[in-house]
Structure formats: structure tokens, C-alpha cells
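Have a look at the structure below before the remarks.
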Number of protein chains: 2
Amino acid sequence: MSKQHILEAAAQIFSQKGYHATSMQDIANAVDLKKASLYHHISSKQEILLALLDRALDMVIEQVSDALRIDAPYPDKLRRAMYTYLETLVENSALSAVLLLEYRSLEAQQFTNHVARRDRFERLWRDLIQAGVDEGIFRCHAPGQATRALLGMMNWTITWYRPDGPSTPQEIADQYAGLLLNGFLTREVAQ
Amino acid sequence: MSKQHILEAAAQIFSQKGYHATSMQDIANAVDLKKASLYHHISSKQEILLALLDRALDMVIEQVSDALRIDAPYPDKLRRAMYTYLETLVENSALSAVLLLEYRSLEAQQFTNHVARRDRFERLWRDLIQAGVDEGIFRCHAPGQATRALLGMMNWTITWYRPDGPSTPQEIADQYAGLLLNGFLTREVAQ
DNA sequence: CTCTCCCTACCGACCGGTCGGTAGGGAGAG
DNA sequence: CTCTCCCTACCGACCGGTCGGTAGGGAGAG
């Protein structure tokens with residue numbers, strides 16, 4: 001038995017039931033321990049949540065930062081980052097759901113810290129869009145708003161994506177990038 | 001004291017703390033009753049949640065359906081619907097947050113019913129996009145995916161929109177509609 | 001090799017408190 | 001009197017977490 005095992009089990013249950021609807025007994029059951037034994041490995045329920053959120057945020061920051069390092073035209077770079085982010089979300093669906101839906105249950109100080117870190121993740125995207133604008137490749141007078149739109153559509157996938165669904169993460173990311181880059185208004189109408 | 005008053009207070013607290021982190025004592029405090037007195041007006045915590053979700057869904061369905069009745073070109077219709085939906089979300093931010101984040105806490109049968117109704121709401125959007133495609137105004141080979149993207153960016157506004165922020169709902173809706181219709185790739189690059 | 005001491009990992013029992021909800025009753029209005 | 005609305009006192013179940021203790025194993029000394 002290890003702390004890792006407990007964290008993984010907790011992520012699964014938190015993502016399904018939510019943090020507050022998950023009891024320590026639930027987690028204990030999932031790892032075949034008695035509840036009291038959990039406290040040998042972790043100090044509190046809140047420690048579990050914080051550890052999961054930190055891990056999730058580290059993960060997406062790392063993945064997207066790597067993706068942004070490719071030397072490619074901005075549209076391709078955007079596609080690449082979106083695909084990477086989506087792939088990361090769906091490959092780690094429990095952790096992602098906790099990241100995107102359960103951070104509200106952090107206690108005040110941790111919450112503030114977490115939000116600040118999350119905002120830096122958003123900045124990665126915003127900087128990418130801004131750089132594309134500066135180069136004249138993207139035309140967008142509110143990169144912040146475009147960032148929120150992008151992250152909104154990506155993040156919301158956690159509510160509906162199923163691995164056995166009809167579309168792969170690559171397909172979804174392509175479609176979403178296509179929407180953001182080209183829109184779906186036909187050319188004749190746009191002119 | 002009325003059931004309405006209790007529901008309104010509950011919506012506020014649920015939206016801030018989440019359903020499970022909200023106690024009946026919290027709600028009683030908010031309406032200046034003793035906890036036991038709540039049960040004169042409502043039968044259970046779950047009844048509160050269900051009532052709020054039903055109300056929220058009725059609200060957005062009604063608003064967006066109305067908006068879709070305008071006789072206008074598809075792009076304008078889409079803009080109109082997006083603005084209306086966003087306006088509805090932000091004008092009823094507590095209820096909206098409950099709708100979008102707390103439905104998971106419904107018990108099984110109610111959850112199934114709710115999801116079916118929510119899917120019909122999504123259908124409104126999908127049908128709009130599909131109609132635009134059929135008329136050759138929109139070019140999109142996965143209207144379902146476009147719908148999810150659209151709803152994702154709109155729904156995610158509940159996590160960041162603030163009434164004292166720099167953008168009005170009209171501005172945000174315009175920007176988002178612009179993104180979806182035109183994309184942000186500049187014309188020279190697109191060709 | 002045996003023995004002692006320490007550690008890790010776990011347990012049963014328990015803690016104080018909170019949860020959603022109920023039974024029974026009272027006050028006030030009409 | 002009835003009815004509506006509220007209350008007190010309470011319930012069983014459960015919550016996150018603590019405490020004292022044990023089993024099993026390993027390291028080191030003799």
C-alpha cells in the first residue's frame with residue numbers, strides 16, 4: 001500500500017461523486033484498508049485533494065508547454081497544443097475532472113494558490129494567441145476572450161467525452177481547432 | 001416564508017459551496033428559520049436540487065427557444081441565440097451554476113430524466129447549426145461536435161464571468177459568435 | 001545462530017461533531 | 001374551532017480524524 005495508490009483511488013471516486021460526497025470510508029474501501037489505516041499514509045482528506053490538484057495542474061502545464069516548444073507555424077502550433085491538452089484530459093479523465101470541477105473544495109489559502117497557478121496555465125494559451133496576432137497570422141482583438149473560449153470548449157469535454165464514443169481526441173481537437181481558426185461560416189457568406 | 005424563498009436561498013448557497021457541501025442548516029440560516037421548519041415547505045434536500053435544476057432548464061429552454069423564433073439569416077440567428085443564452089446564464093448566475101455543475105448530485109432516476117431533458121436543449125443548438133448547413137450557409141461536417149464546442153465555451157463562462165468584469169454579455173456573445181462563424185485565422189493565411 | 005529493538009503498516013475502538021430528517025406541540029389568524 | 005407556519009427536542013447514521021495497540025519484519029549486536 002502506498003500513498004500513490006490511495007491518491008489514484010481517490011481521484012477516481014472524487015471524479016465520480018465529487019469531493020464532498022466522497023467519504024474517507026469510500027476511499028478506504030477502494031484500497032482495501034480500514035479507514036483508520038489511511039491516516040498512516042495521508043494526513044487528511046484535504047491533503048488528498050491538494051495533492052491531486054497539484055499533480056493535475058503540473059501534468060497539463062508540462063504537456064502543453066512541451067507541445068508549444070515545437071517550431072511550427074502558429075496555426076499548427078495551436079492545433080498541436082489543443083490536441084495535446086485534449087489527449088492529456090481524456091487519458092487522465094479522473095484527474096482532469098478533479099482539476100476542473102473540484103478545486104472549489106480547497107480551503108481558502110490553497111484555493112488562492114491554486115487559482116494563481118491555474119491562471120498561469122491559461123497564460124500559456126493567451127501568449128500563443130497573442131503571438132499569432134502580433135505576427136499577423138491571427139486576427140483577434142481580445143486574445144483573453146479567445147483563450148477563455150478555447151479553454152471552455154476544451155474543458156467542457158470532460159462532461160461528455162467517452163472513450164467508446166465515435167470521435168478520437170485527435171479528431172475532436174482537429175475539429176475544434178478548425179472551428180477556432182476558420183469558423184464555420186462559408187466563404188461566400190463571409191465576403 | 002415560502003418555498004420560493006427557500007429555493008432561491010438554496011440556489012445561492014449551492015452555487016457557491018456545491019450541493020454536498022451545503023447543509024440544510026446553511027439554508028435555514030439563510031432564510032432565518034430553524035432547520036426543522038424547512039421541512040414544512042420542502043420534503044427533502046433532493047427535492048430542492050431537483051426543483052432548481054428543473055427551473056433552470058425550463059428557463060434556458062424557454063429563452064433560447066424564443067430567440068430561435070426570430071426570422072433572420074442563420075448567422076444572426078446564431079448570434080441572437082448565443083447572446084440570449086449567455087445573458088440568461090449571467091443574469092441567473094446562481095441557478096445557472098447549479099444547472100451546469102450540480103446535476104451530478106441528483107439521484108439516479110432523476111439524473112437520467114434530467115440528462116434526457118438537457119440533451120433536448122442541446123438539440124435546439126444542433127438543429128440550428130444543421131439547418132444552416134443544409135442551407136449552405138454553414139460548413140461543418142460534425143454539427144454535433146460544433147454544438148458541444150459552442151456549449152462548452154458558453155457554459156464555461158460560469159467559472160470566470162463577473163458582472164464587474166470588463167466585458168458585457170453582449171460583447172462576449174458577439175466575440176464568441178465571431179469566433180465560431182469566422183474563426184480567427186486571417187483571410188490571407190486561410191487561402 | 002538468537003535476541004532485542006525499532007519500524008512500518010495496519011487495526012479496532014473511539015472521539016466530537018454534523019448530517020438529513022421526524023415527532024409532537026404551540027402560537028396566531030380567521 | 002381549523003389551519004398554517006413555525007418551533008424544540010430528538011433520532012440514527014455518518015463524518016473526518018485520533019488513540020492505543022499489534023503483527024510482522026528487518027537490522028544490528030553478541
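Quick caveat, the model's predicted, so the values are computed rather than measured. Chain letters run A, B, ... following the sequence lines, proteins first, then strands; residues in each count from 1. Computed over heavy atoms, backbone and side chain alike; hydrogens, waters and symmetry mates excluded.
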Salt-bridge test for [X] and [Y]: reply yes if a basic N is under 4.0 Å from a carboxylate O, no otherwise.
{"X": "B/R104", "Y": "A/E102", "answer": "yes"}
{"X": "B/D66", "Y": "B/R69", "answer": "yes"}
{"X": "A/D58", "Y": "A/R117", "answer": "yes"}

Name every donor-acceptor pair, under 3.5 Å, that has one atom in a side chain of residues 88-97 of chain B and the other anywhere in the protein, sequence neighbours excluded.
unit_1: B/T88; atom_1: OG1; unit_2: B/T84; atom_2: O; d: 2.7
unit_1: B/N92; atom_1: ND2; unit_2: B/T88; atom_2: O; d: 2.9
unit_1: B/S96; atom_1: OG; unit_2: B/L89; atom_2: O; d: 3.0
unit_1: B/S96; atom_1: OG; unit_2: B/N92; atom_2: O; d: 2.7

Side-chain contact test, heavy atoms from C-beta onward, threshold under 4.5 Å: evaluate it for [X] versus [Y] and give yes or no.
{"X": "B/L180", "Y": "B/M153", "answer": "yes"}
{"X": "B/I48", "Y": "B/I27", "answer": "yes"}
{"X": "A/P143", "Y": "A/W125", "answer": "no"}

**Interface residues of residues 25-39 of chain B with DNA chain D (non-hydrogen, below 4.0 angstrom)** =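 Those residues whose heavy atoms fall under 4.0 Å from DNA chain D, taken from residues 25-39 of chain B in numerical order, are B/L33, B/K34, B/A36, B/S37.
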**Request:** Could you check A/L50, A/T112, A/N113 and say which one makes a side chain to side chain contact (heavy atoms under 4.5 Å, CB included) with A/L106?
**Result:**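 One option only clears the test, and that one is A/L50.
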**Prompt:** What is the 5' to 3' range of DNA chain D, first to last nucleotide, that sits under 4.0 Å from any heavy atom of chain A?
**Reply:**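 Contact boundaries, 5' end first: D/dC15 to D/dT18.
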**Asked** Taking the inter-plane angle between the rings of A/H114 and A/Y103 on a 0 to 90° scale, is it parallel (under 30°), tilted (30 to 60°) or perpendicular (over 60°)?
**Response**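 Parallel, since the angle between the ring planes stays under 30°.
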**Prompt:** Just by distance, do the side chain of A/T157 and the backbone of A/M154 share a donor-acceptor pair under 3.5 Å?
**Reply:**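 A pair under 3.5 Å: yes.
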**Message:** Just to be sure I understand the rule, does B/S2 reach a base, reach only the sugar-phosphate, or reach nothing, if contact means heavy atoms closer than 4.0 Å?
**Reply:**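 Counting heavy atoms under 4.0 Å across all strands, no contact is made by B/S2.
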**Prompt:** Under 4.0 angstrom, heavy atoms only, what part of the nucleic acid is A/S44 near: base, sugar-phosphate, or nothing?
**Reply:**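 Since only primed, P, OP1 and OP2 atoms lie under 4.0 Å of A/S44, the category is sugar-phosphate.
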**Asked** Do A/I13 and A/L101 belong together in a cluster built from hydrophobic side chains that touch within less than 4.5 Å?
**Response**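 In one cluster: yes.
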**Message:** If the condition is ring pair (Phe, Tyr, Trp, His ring centres under 6.0 Å), which residues does A/Y176 pass it with, not counting sequence neighbours?
**Reply:**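 With sequence neighbours excluded, A/Y176 shows a ring pair (Phe, Tyr, Trp, His ring centres under 6.0 Å) to no residue whatsoever.
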**Request:** Return the residues of residues 6-18 of chain A meeting this criterion: a heavy atom under 4.0 Å from some atom of DNA chain C. Order them by number, or give none.
**Result:**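 Of all residues in residues 6-18 of chain A, none places a heavy atom under 4.0 Å from DNA chain C.
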**Request:** Measure the angle between the two terminal helix axes of the helix from C/dC1-D/dG30 to C/dG30-D/dC1, five base pairs each, and quote it to 10°.
**Result:**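 It works out to 10° between the end axes.
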**Closest heavy-atom pair and its distance - A/V31, A/A9** =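 Closest heavy-atom pair between A/V31 and A/A9: CG1-CB, 3.6 Å.
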